[in-house]
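Here it is, the structure in full.
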Amino acid sequence: MLDKTFDPKTAEPRLYQAWEASGGFAPTDDPNAEPFSIVIPPPNVTGSLHIGHALNNTLQDVLIRFERMRGKAALWLPGTDHAGIATQMVVERQLAQAGNQSRRDMGRDDFVAKVWEWKAQSGGTIVNQLRRLGASCDWSRERFTLDEGLSAAVRKVFVQLHKEKLIYRDKRLVNWDPHFQTAISDLEVEAREVDGHYWHFAYPLEDGSGEIVVATTRPETMLGDTAVAVHPDDERYKAVVGKAVRLPIVNRPIPIIADEYPDPEKGSGAVKITPAHDFNDFAVGKRHSLPMINIFDDFARINDNAPPEYRGLDRFEARKKVIAAFEELGLLREIEKTRHTVPHGDRSGVVVEPYLTDQWYVAADVLAKPAIKAVEEGDTVFVPKNWEKTYFEWMRNIQPWCVSRQLWWGHRIPAWYGPSLDPEAKDKHTAKVFVAETAEEALDEARRFYGPDVAVEVDDNFPGWEKVNGVFSKVRLKQDEDVLDTWFSSGLWPFSTMGWPEKTSDLARFYPTHTLITGFDIIFFWVARMMMQGLHFTGEVPFKRVFINALVRDASGAKMSKSKGNVLDPLELVDEFGADALRFTLTAMSGQARDIKLSRQRIEGYRNFGTKLWNASRFCQVNGCARAEGFDPAAVKAPLNRWIVGETQRTAAAVTAALDGCGFDETANGLYRFIWNQFCDWYVELAKPLLTGADEAAKAETQATAAWVLDVILKLLHPVMPFITEELWQQTADLGAARAERQLMTARWPDLPASLVDAAADAEIGLIIDTITEGRSVRQGLNVPLSAQPPLLVIEARPEQRAVLGASAALVARLLRVSGVEFVEAAPAGSIPFVVDGATLALPVAEFIDIAAERARLTKEVASLAGEIEKTAKKLGNADFIARAPEEVVEENRERLADAQAAKAKLEAALARLQTV
RNA sequence: GGACGUGUAGCUCAGCGGGAGAGCACCUCGUUGACAUCGAGGGGGUCACAGGUUCAAUCCCUGUCACGUCCA
C-alpha cells in the first residue's frame, strides 16, 4: 500500500535519476514526430538558482513535458553563458580573498586559465540545481557559450558582419566603467536618481567686459571644456557670441558659440561644453569642430591634459578641488541642490563616465529592420502581445551597439593589427586591421597586403616591423586585446548551440525553435539580439513565439535582493515543500504581465494539494480501484461514473488548450479545481457507497472508472508536478491491467472525445450535489446536532428529480447525515424547507432548533430573493432590453425571475408556518 | 517628459459586456475506515473616482487620482 504521504526528499532524486537514465529527456528519433524545441535562456555560469530562474525554468519544463507527452520530438536544449563581466568579477574577487595576485599581475593567459579552472570546479552548480527542480533538459546537448563550436560561430559572425560593413571600428564616446576599466553598452547602464548639486561657475570674458555663468553637476569636467554655448535666439547673449571666455584654472581661452542645444529657459541659458565627457556636448563639439580634450585615464583619474596640480586625482577628489578653486577665485556664483539621474554601471555600481575611445560597433539599425518586420508580420509573436510594443519601441530607435569590452574573459575579437603603409599614420603600429576567423587567415591577408617581400608573423607582445632600406622586411601582427560583449554570443544561442555554421541534423530539425520563455528584463539584451542575428545569419526567425514571464517579488511586492534580505531561495523551498509544490505555485501564479508575489504559505498550500492527490490515490488503492482490461470510458453506466468521465474530458480539453496557448496559470488552477473540488470532494465521496455496496457490477465499474480517471489525472498533472505523479504512476503500476507505458514522463497525453460528456448524468449528479450542499447549509446554519438524523423530505419536485433523489437515497443519507429520503405531500409543521433547482425539500428538525434563528435565516433569504426579483423584473420590464438583448439572455432572465419568485413563495410560506409554531 | 502596466473580499490574485469568484487569513462545528498537509458550514466587496458609449459596464471609451516598471 502507498505510504501515508509522499516523501519528496527521497523520491525526487531517485525519480530524476531514473528519467535521466531512461534517455527520455532527449527528443524521440521517430522521424514522423513533429519537432518542438526550446533553448534555455542560458544562466550565467557563475550563477546559482534564484527564484526567477525557478519560475522561468519551471514554465519551460511544463511546456516541454507537455509536448513530449503529446508525441512531439521535444528538445529542451540547456547550457550556460560565460557572462564576461560577471564571471571575471567573481573570479577576481575570489583571487583577492585568497590573497592571490591581481589579474594584472598574473597576466592574461594565467588569469584566463584560472577562470577556466574555476569554471570546471563550480560552473556546474546551477545546472545541478536545475535538476533538482525537475528540469527535463536534454543534457547530452548541453552547451557553453565559450565552447569551441560556439566560439567558431562567433568568429564567423564577426568576420561576416565586418565584410558587410555592419561591424566597424569607431572613435566615439562610450559609457566607461572605471571600476572594470571597460566600455559597456547603453543597456548595461542604470540611471539612478541621486541627490546632487548644480554648481554655478562664472567664466570671465577674455576681453574683461564681464562674465558668463554656467551650471554643472560635474564640476571636474570643466577641465576639459572647449566652449560655452548659448542658444542663437537668446537675446541676452547675442552680443557675446563669437567672443571668448578665459577658462578659469586651466587658463585657456575658449569660444562662446551659438547652438540649438542650450535651453534658454534653464539656468542662465549658457552651458559649458565638454565634448570628450558628455554625450550632448560631443554632438555640439562635432557640429562646431571643437577640440575634444580627454581629461581622464582608464580609472577616471585626471590625466596630463589638466593642470599639474590635478593630475592623478580621482574624479571626485578633483571635483572638490575644482569647486574650492572657484570659490577662492571668487567665481562660484551659486550652489543649488538638485535631484538628478546619474548613470551607474549595472555590475560595478560605480558612476560611469562618457569616455572617448576606439571601440567596435555593430550597425544595429540595419540588422533591426528585418527583426522589426518579422514581428510586424507575425513570424514571431509575443505572448502577452503587448510586449511587442516594448520591442518595437526599442528596435525602431536602436543605437549602434558597442560590442568590444576591455576584459579578458570572453571571445577575443578576431582582428589583427599591423602597421599602415603610410609611415605618417597615427597609431602607426596598429593602423591597419585584418579581420579573419583565424590567425592563419589574418596572416594570409596580411601577406597579400604587404606583398611577397615582407615576412609576416603574429606577435602580441612585440607588434611592429623591421625595415631594410626604408621598406618593410618584416611585420608583426598583434591581435585585438578586447573581447566581445557577452550578449554578442548569446545572440547566436538558438543556432550556435545546434552546430551552426555546420549544417547539422539538429539545425535542420530543431531550428527555428518553437517557443522562447524569458523575462521582460532581457527583451533588449537578448531577445532583440537573437532576432537580429538569427534573421541575418539563418534567414529565419530564431523562435516562433516568445512567452514573457513575470518577475518574482517577495510577499510584499518588493524586488528580491540579497541586501534587503527578502530572498526566498528556491532550493530551500524545494527542501521544505518538495519541487512539485514550488513548481505548482510558480505555475499557478504565472499570470501574464504581472509581478509574482511569492509567499511560503502559498507553497505550503500546494504541497497540501499534492498530499490530497496522494491520499485520493491511496483511497482508490485501498478500495480495489484497478485498471480494467479494455476499459471504455464511453461505455460506463452509472450516472456518477458517466459524470466524472465527462468532467475528466472537459478538464483534459481545457488543460490542453491552456497549455497550447501558454496559459500556465489556467492549467494549474483548472487542475486544482478538478482534482480537489470535483474528484476528491465529490466523486470519491459519492463513490464510497458504490465501492462498498453489494452491487458487484456497479462496484467493478466504479473501481475501473476511478482507476481510469486517476491515470488521466496523473498525465494531466505531470508537466506541472512531475515527481509525485511519476511516483504514483510507478506505485500503481501493478493495480489491474498493465499500462502501455511504464514511465509516465513519456506516456501519451490524453486525447478524449467531447462525446464523453453526458448532460443527463451532469444534471443528475448536479442535483445530488446541490441537495447535499443546501441541506448541509440548513443543518449547520441552524446548529442541528450531528447526532440528529431526520429524513430528507421531498415535497415538490419534477418526476425526474424524484427519481434521482429516490435512487440516491443511500448516498444522500450518508453525506447529509439523514435517515433516508421520504416523499411527502406537504411540509409537516416545524420542518425546515429549502429549494434546490425548483424542487422543494425539507428537513423535519423543528425539535432541534432555535425558531428565532430559523426565522432570521428565512427572512434573510427572502430578502435576498426579493432583491434579485426586483433587479431582474426591472430588466425584463425594459422594452429595449427585450428588443435588443439576445434571446437567450432574455430567456435566462425570465427563468431566473421565475425561479426566484417560486423560491421566495415557498420560503415565505414556510416563514408563515413558523409564526404559528 | 514618453511608453507600458496595475488599482476587485483583511492579504495575494482570477474574471473582463448580461446572476461578484478562488486560495490564504478569520469565525463556528467536526477526529464517520484516503487525507487534520483534513472535512463541513459561515461572515466579509458602492469591482479606485468622475463622466461617456450601450437595452445592459467590474469589464469598452475619456478624464482624474494612486502605485509600479521601463525609456529619456
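Note on naming: letters A, B, ... go to the chains in the order of the sequence lines (proteins, then strands), and numbering restarts at 1 for each one.
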What nucleic acid atoms does A:Thr390 come within less than 4.0 Å of, heavy atoms only: base, sugar-phosphate, or nothing?
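No contact at all - A:Thr390 keeps every heavy atom at 4.0 Å or more from the nucleic acid.
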
Contact under 4.0 Å: A:Trp387 side-chain N or O vs B:rA3 OP1/OP2:
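For B:rA3, OP1/OP2 do not have a side-chain N/O of A:Trp387 under 4.0 Å.
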
State whether the distance check finds a donor on one side and an acceptor on the other, under 3.5 Å, for side chain A:Lys612 versus base B:rC35.
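Such a pair is found, so the answer is yes.
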
In this structure, how many angstroms lie between the P atom of B:rC35 and the CZ atom of A:Phe609, rounded?
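The answer, rounded to whole Å, is 18 Å.
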
Among A:Asp899, A:Thr872, A:Ile882, which residue meets the side-chain contact (heavy atoms from CB on, under 4.5 Å) test with A:Arg894?
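Exactly one candidate clears the test, A:Ile882.
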
Does a salt bridge link A:Arg602 with A:Glu604, judged by any charged N lying under 4.0 Å from a carboxylate O?
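Salt bridge absent between A:Arg602 and A:Glu604.
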
How far does the C1' atom of B:rA25 sit from the matching atom of B:rG44, given to the nearest Å?
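Between the two C1' atoms, the distance is 12 Å.
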
Answer yes when A:Glu868 and A:Lys871 have at least one side-chain N-carboxylate O distance shorter than 4.0 Å, and no when they do not.
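So A:Glu868 does not pair with A:Lys871 through a salt bridge.
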
Between B:rC70 (C1') and A:Tyr391 (OH): distance, integer Å
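Taking atom C1' of B:rC70 as the reference, OH of A:Tyr391 is at 17 Å.
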
What integer number of Å spans the C1' atoms of B:rA14 and B:rU58?
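After rounding to an integer number of Å, I get 13 Å for this pair.
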
Interatomic distance where CG belongs to A:Leu782 and C1' belongs to B:rG42 [whole Å]:
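Nearest whole value for this atom pair: 13 Å.
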
Report yes if the side chains of A:Asn641 and A:Val709 come closer than 4.5 Å at any heavy-atom pair, otherwise no.
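Side chain of A:Asn641 against side chain of A:Val709, heavy atoms only: no contact under 4.5 Å found.
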
Choose from B:rC71, B:rU37, B:rC55 the nucleotide whose nearest atom is closest to any side-chain atom of A:Phe881.
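Minimum distance to the A:Phe881 side chain belongs to B:rC55.
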
Base, sugar-phosphate alone, or nothing: which one does A:Val889 contact when heavy atoms must sit under 4.0 Å apart?
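Base, at least one base heavy atom under 4.0 Å.
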
C1' atoms of B:rC47 and B:rA34, separation to the nearest Å:
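The answer is 40 Å between these two C1' atoms.
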
Counting just side-chain N and O atoms, does A:Ser777 come under 4.0 Å of either OP1 or OP2 of B:rG42?
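The answer is yes; a side-chain N or O of A:Ser777 sits under 4.0 Å from OP1 or OP2.
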
Measure the distance from CG on A:Asp521 to P on B:rG5 and round it to the nearest whole Å.
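From A:Asp521 CG to B:rG5 P: 18 Å.
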
Distance check: side-chain N/O of A:Lys4 vs OP1/OP2 of B:rA36, anything under 4.0 Å?
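Yes.
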
Considering every strand and a 4.0 Å limit on heavy-atom distances, what is the contact class for A:Gln601: base, sugar-phosphate, or nothing?
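Touches sugar-phosphate only.
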
Which is true for A:Ser617 with a 4.0 Å heavy-atom rule: it touches a base, it touches only sugar-phosphate, or it touches nothing?
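Touches nothing.
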
Shortest side-chain distance from A:Gln780, nucleotide among B:rG30, B:rC55, B:rG41
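Out of B:rG30, B:rC55, B:rG41, the nucleotide with an atom closest to A:Gln780's side chain is B:rG41.
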
Of the nucleotides B:rG19, B:rA34, B:rC71, which one has an atom closest to the side chain of A:Phe524?
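My answer, after comparing the listed nucleotides, is B:rC71.
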
Using the C1' atom as the point on both nucleotides, what is the distance between B:rG7 and B:rC59, in whole Å?
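The same atom, C1', in both gives a distance of 14 Å.
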
How many whole angstroms separate atom CG of A:Asn608 from atom C1' of B:rA22?
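Between C1' of B:rA22 and CG of A:Asn608: 16 Å.
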
Please confirm whether the shortest side-chain N or O distance from A:Lys688 to OP1 or OP2 of B:rA34 is below 4.0 Å.
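Affirmative; the distance criterion is met.
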
When we call it a touch if two heavy atoms are under 4.0 Å apart, what does A:Arg607 touch: a base, just sugar-phosphate, or nothing?
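Contact class for A:Arg607: base.
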
Hunt down the Watson-Crick or G-U wobble partner of B:rA9, both distances under 3.5 Å, from any strand shown, or write none.
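With both distances under 3.5 Å required, B:rA9 matches none.
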
Which base, if any, makes a Watson-Crick or G-U wobble pair with B:rC70, both distances under 3.5 Å?
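Matched B:rC70 with B:rG2 under the 3.5 Å cut-off.
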
With heavy atoms under 4.0 Å as the rule, sort A:Glu868 into base, sugar-phosphate or nothing.
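Base contact.
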
Given the P atoms of B:rG43 and B:rC27, what is the spacing between them in whole Å?
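My reading of the P atoms in B:rG43 and B:rC27 gives 16 Å.
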
Looking at the side chain of A:Phe619, which of B:rA34, B:rC38, B:rC55 is the nearest nucleotide?
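Given the options B:rA34, B:rC38, B:rC55, the side chain of A:Phe619 is closest to B:rA34.
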
Identify which nucleotide among B:rC55, B:rA34, B:rG39 has an atom closest to any side-chain atom of A:Asp880, counting heavy atoms from C-beta outward.
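The answer is B:rC55.
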
From C-beta outward on A:Thr341, which listed nucleotide comes closest to its side chain: B:rA3, B:rG23, B:rA72?
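For A:Thr341, the side-chain atoms sit closest to B:rA72.
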
Please determine whether a side-chain nitrogen of the Lys or Arg among A:Glu576 and A:Arg607 lies less than 4.0 Å from a carboxylate oxygen of the Asp or Glu.
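Looking at A:Arg607 together with A:Glu576, the answer is no, because their closest N to O distance does not fall below 4.0 Å.
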
By nearest atom, which of the nucleotides B:rG18, B:rC55, B:rC35 is closest to the A:Asn893 side chain?
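Out of B:rG18, B:rC55, B:rC35, the nucleotide with an atom closest to A:Asn893's side chain is B:rG18.
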
Over how many whole Å does the gap from A:Ile603 atom CD1 to B:rG23 atom P extend?
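Atom CD1 in A:Ile603 sits about 18 Å away from atom P in B:rG23.
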
Starting at atom CD of A:Glu892, determine the distance to atom P of B:rG17, rounded to an integer number of angstrom.
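Answer to the nearest Å: 16 Å.
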
Inter-nucleotide C1' distance (B:rG41, B:rG5), Å rounded
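To the nearest whole Å, 39 Å.
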
Before you tell me yes or no, could you show the steps for A:Phe664 and A:Phe547 under ring pair (Phe, Tyr, Trp, His ring centres under 6.0 Å), namely the whole-Å CA-CA distance, both residues' side-chain angles and the distance that decides it to 0.1 Å?
CA-CA 11 Å; A:Phe664 298 107; A:Phe547 179 78; 5.1 Å; yes

What's A:Arg673 touching, base or sugar-phosphate or nothing? Going by heavy atoms closer than 4.0 Å.
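Nothing, no heavy atom under 4.0 Å.
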
Integer angstrom distance from the P of B:rC4 to that of B:rC60:
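Each nucleotide's P atom is 15 Å from the other's.
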
Is there a side-chain contact between A:Lys871 and the phosphate of B:rA56, meaning an N or O under 4.0 Å from OP1 or OP2?
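The answer is no; no side-chain N or O of A:Lys871 sits under 4.0 Å from OP1 or OP2.
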
Counterpart base for B:rC49, defined by Watson-Crick or G-U wobble contacts under 3.5 Å:
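Partner of B:rC49: B:rG63.
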
Can a donor-acceptor pair under 3.5 Å be found between the side-chain atoms of A:Glu685 and the base atoms of B:rA34?
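Such a pair exists between side chain and base.
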
Before we go on, tell me: are the rings of A:Phe723 and A:Phe6 under 6.0 Å apart, centre to centre?
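When the ring centroids of A:Phe723 and A:Phe6 are compared, they turn out to be at least 6.0 Å apart.
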
Which of these nucleotides, B:rG39, B:rC35, B:rU12, is closest to any side-chain atom of A:Arg618?
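Side chain of A:Arg618 sits closest to B:rC35.
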
Could you tell me how far B:rU28 sits from B:rC65 if I compare only their P atoms? Round to whole Å.
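45 Å, rounded to whole Å.
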
Output the rounded distance in Å from CZ (A:Phe392) to C1' (B:rC70).
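After rounding, the gap between these two atoms is 17 Å.
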
For B:rG41, the Watson-Crick or wobble counterpart (both distances under 3.5 Å)
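Its partner is B:rC27.
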
Worked check of side-chain hydrogen bond (donor to acceptor under 3.5 Å, both in side chains) between A:Asn608 and A:Thr611:
CA-CA 5 Å; A:Asn608 296 353; A:Thr611 306; 5.1 Å; no

Working to the nearest 0.5 Å, report the span between OG1 of A:Thr648 and CG of A:Asp711.
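That separation rounds to 11.5 Å.
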
Nearest to side-chain heavy atoms of A:Thr611, which nucleotide of B:rC55, B:rC70, B:rU37:
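Output: B:rU37.
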
Looking at B:rG19, I'd like to know if its phosphate oxygens (OP1 or OP2) sit under 4.0 Å from a side-chain N or O belonging to A:Arg896.
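True: A:Arg896 side-chain N/O within range (under 4.0 Å) of B:rG19 OP1/OP2.
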
Nearest heavy atom decides the nucleotide; on that basis, is A:Thr773 or A:Ala885 closer to the 5' end of RNA chain B?
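The answer here is A:Ala885.
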
Exceeds 12 heavy-atom contacts within 6.0 angstrom, atom CD of A:Glu376
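Yes.
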
Partner nucleotide, any strand, of B:rG18 [Watson-Crick/G-U, under 3.5 Å]:
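B:rC55 is the nucleotide pairing with B:rG18.
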
Closest approach to the side chain of A:Arg884, judged atom by atom: which nucleotide of B:rC55, B:rA34, B:rG18 is it?
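The closest nucleotide is B:rC55.
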
Categorize A:Cys680 for me: base, sugar-phosphate, or nothing, with a 4.0 angstrom heavy-atom threshold over every strand shown.
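If one applies the 4.0 Å heavy-atom cut-off, A:Cys680 turns out to touch a base.
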
Looking for any heavy atom pair under 4.0 Å, which part of the strands does A:Ala883 touch: base, sugar-phosphate only, or nothing?
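Counting heavy atoms under 4.0 Å across all strands, no contact is made by A:Ala883.
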
